[in-house]
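One structure, as structure tokens, below. Some questions next.
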Amino acid sequence: MIRLILCLFLVCWSGLSLAEDNVVNVYGWSSDMSNEIIQAFEKETGIKVNHSGYSSNEELYAKLRAIGPGSYDVIEPSSYYVSRMIAQNMLEPIDVTKLKNYKNIDPEFLHPSYDPKGVHAIPYFWGVTGIFVNRKYYPDLKITRWTDLWQPQYKNQLFMLDDPRELFSIALITLGYSPNDSNREHIKQAYERLRLLSANIKLYNSSAVVSIVGDEDATLGIMWNGNFYSAAAYNKNLEFIFPEDGFVIWVDNFAIPKGAEHKENAYKFIDFLLKAETAKAMSLNNSEAITNTAGRKLLPPELRDSKVIYPSDEILKRGIYQEDINDAALADYANYWEKLKLQ
Amino acid sequence: MKYDSHFRYFSLTLIWAWLGIFALLAFLLVLGVSFLDHTQAHIVIPRLTFTNYQFLFQPMLLKIFGKSFSIAATVTFFCLIIGYPFAYFLSQLDRHYKSLLMLFLIIPFWTSSLVRSYAIMAILKTKGLLNLLLLTLGIIHQPMQLLFTNVAVIIGLVYNLLPFMVLPLYANFERLDRRLLEAAEDLGAGRFIKVYKILLPLTKPGIYAGVMMVFLPSMTLFYIPDLLGGARSLLLGNLIENQFLFANNWPVGSAVSVILTAVMGGMLFIYWRATQRHERQQVLL
């Protein structure tokens, strides 16, 4: 019933947006776009932005599959979903000559392994998943690796992201496998590892991380570095740890889905986002690292030179880029994840 | 006259149609689906199976059932020991204050219970109002970590469900014949005897009604453990939510709902029996 209502609603809504020609329909991470940025774009180009948000890649993927092509002009998938969408022919190839500001992107991020043939996605934000600890509660705690989280002394204390991919990555790393492993036997072993961890888990959450950690309702756990920076801005007891046994690096990209109705406007919107000034505003909004070299130069020094947001090359050597896993592995994830949450 | 009977037929038909479609039909659909199978591509396929109920008899899920029952029992207990004296004193006040206090009890209902649960979050947080108050008064020296625990879930549920306990009890106290208490006093009954022999037996229907109206919702208000509870604060309602929304397993979700409905049916039966006996006793008196 709810689905039916939603569908009807969407039909009406897309009907309305068809009536207006000069628009761009953007579907991105909820926290990534501020009203100021949207208004600045509308003022500069006269194109109206319809922005809606999601809180997981799974949500974006399910919605795109459910409503078919044409509803959105710009989306913001993470790296591993970019390769999934390319494989299923869901993304338009991007003509970079139409993007004047494409040159602002750090060449290190261009032509990544998740988008090898041509350009389907514009890398924009990036970050890592690590461990946070509140020193007020754990003044002398020595914690350097993911394996440390399994110690029985942390019973019912850990904060976890509500994200199967992140949790399985941790377990796979501690087992010595790659977080991009699709081997079903390895994933089963990772599940057994996570079952042992579950007694230590206090809470799963991905949507209110900054306030939960900043207000000390959780004092030890795993976190994205951008969220950490926002929380640490008002809580000085927080420390971020890049685990020594390795960690995941993710990249969020802007892309144009197949069959987008306002492709020209989509190019204009992405080009606007790639401007140094806009990239700076985007980064200040969510404190995440940007691939935009010119934009980074404009950032205030505390964010630009933050060792948490832009870790040294030596630390980054331990990072592993997140890539797609196959469908069988994905089904295993879903199945095991459900069992874990019920424990 | 004619108009009146038309209106009566219309409203009766409306009520029956409403109940038939949105209660009976909906329940029959749930009951039917709970015996059907599903595949990855289809939410439900028409193949008869009992595996959904078998699926429920695994230790992991039985544990959730047990935990859910014990949380609901705790919530009901606290609602009763707070709500009973509350309703009694409310019924003792004079008319003017009575309606005012009643209004205060009802007013929070004008706000969404979701919003009120967020308010409870703000109170129970580590840096929230409760900890601030206790720290300032010097009662505690370390902030308590209350949010995202079962204690927070119980506080949230008791707060949300207390009026459902108070209202039937209040109605019961209102109807109570005060002369019985006076007579007991004249005959030399002490305070304890008065409560135990007169008040409690006579308010049994109210207690049963209140317990029912608190016990069942406290197992199904899934958003309260979602907001206030931690990783292991799962109620039956969360299990149903999980099966429908995330596991895409409608048949198992339906089977859990059917079991909940069966529990409610059993409780209604006990309630019916209890009030019948009570009424018989009253007739005899």
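FYI, side chains are in, hydrogens and waters are out, and symmetry mates aren't considered; it's all heavy atoms of this structure. The sequence lines fix the lettering, A, B, ..., with proteins before strands; numbering per chain opens at 1.
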Centres of the B:F22 and B:W18 rings: under 6.0 Å? yes
Interchain contact, A:N205 with chain B, by part (heavy-atom threshold 4.5 Å):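 For A:N205, no heavy atom lies under 4.5 Å from chain B.
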Looking at B:T149, B:T126, B:L239, B:L124, which has the largest count of heavy-atom pairs under 4.5 Å with chain A? B:T126
Is the gap between the ring centers of B:F35 and B:Y53 under 6.0 Å?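 Centroid distance B:F35-B:Y53: below 6.0 Å, so yes.
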Segment of A:A199 engaging chain B (4.5 angstrom heavy-atom cut-off):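 It is the backbone, since no side chain atom gets that close.
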Looking at B:R232, B:K127, B:M60, which has the largest count of heavy-atom pairs under 4.5 Å with chain A?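 Most heavy-atom pairs under 4.5 Å with chain A: B:R232.
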Please state whether the side chain, the backbone, both or neither of B:I64 comes within less than 4.5 Å of a heavy atom of chain A.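 Side chain only.
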Close side-chain approach of B:L157 and B:F78, heavy atoms under 4.5 Å: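 Not in contact.
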Interface moiety of A:I212 toward chain B, non-hydrogen atoms closer than 4.5 Å: side chain
Tell me, please, whether B:F109 has B:R116 positioned over its six-membered ring: NZ or CZ under 6.0 Å from the ring centre and within 45 degrees of its axis?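 Yes; both conditions hold, so B:R116 lies above the ring face of B:F109.
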Modelled atom types, side-chain donor and acceptor of A:E216 and B:Q145, under 3.5 Å: no
Residues in side chain to side chain contact (heavy atoms under 4.5 Å, CB included) contact with B:L135, at least two apart in sequence or another chain: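 For B:L135 the side chain to side chain contact (heavy atoms under 4.5 Å, CB included) partners, ignoring immediate neighbours, are B:I140, B:P143.
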What part of A:F159 is in contact with chain B, defined as an atom under 4.5 angstrom from a non-hydrogen atom: side chain, backbone, both or neither?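 Neither part.
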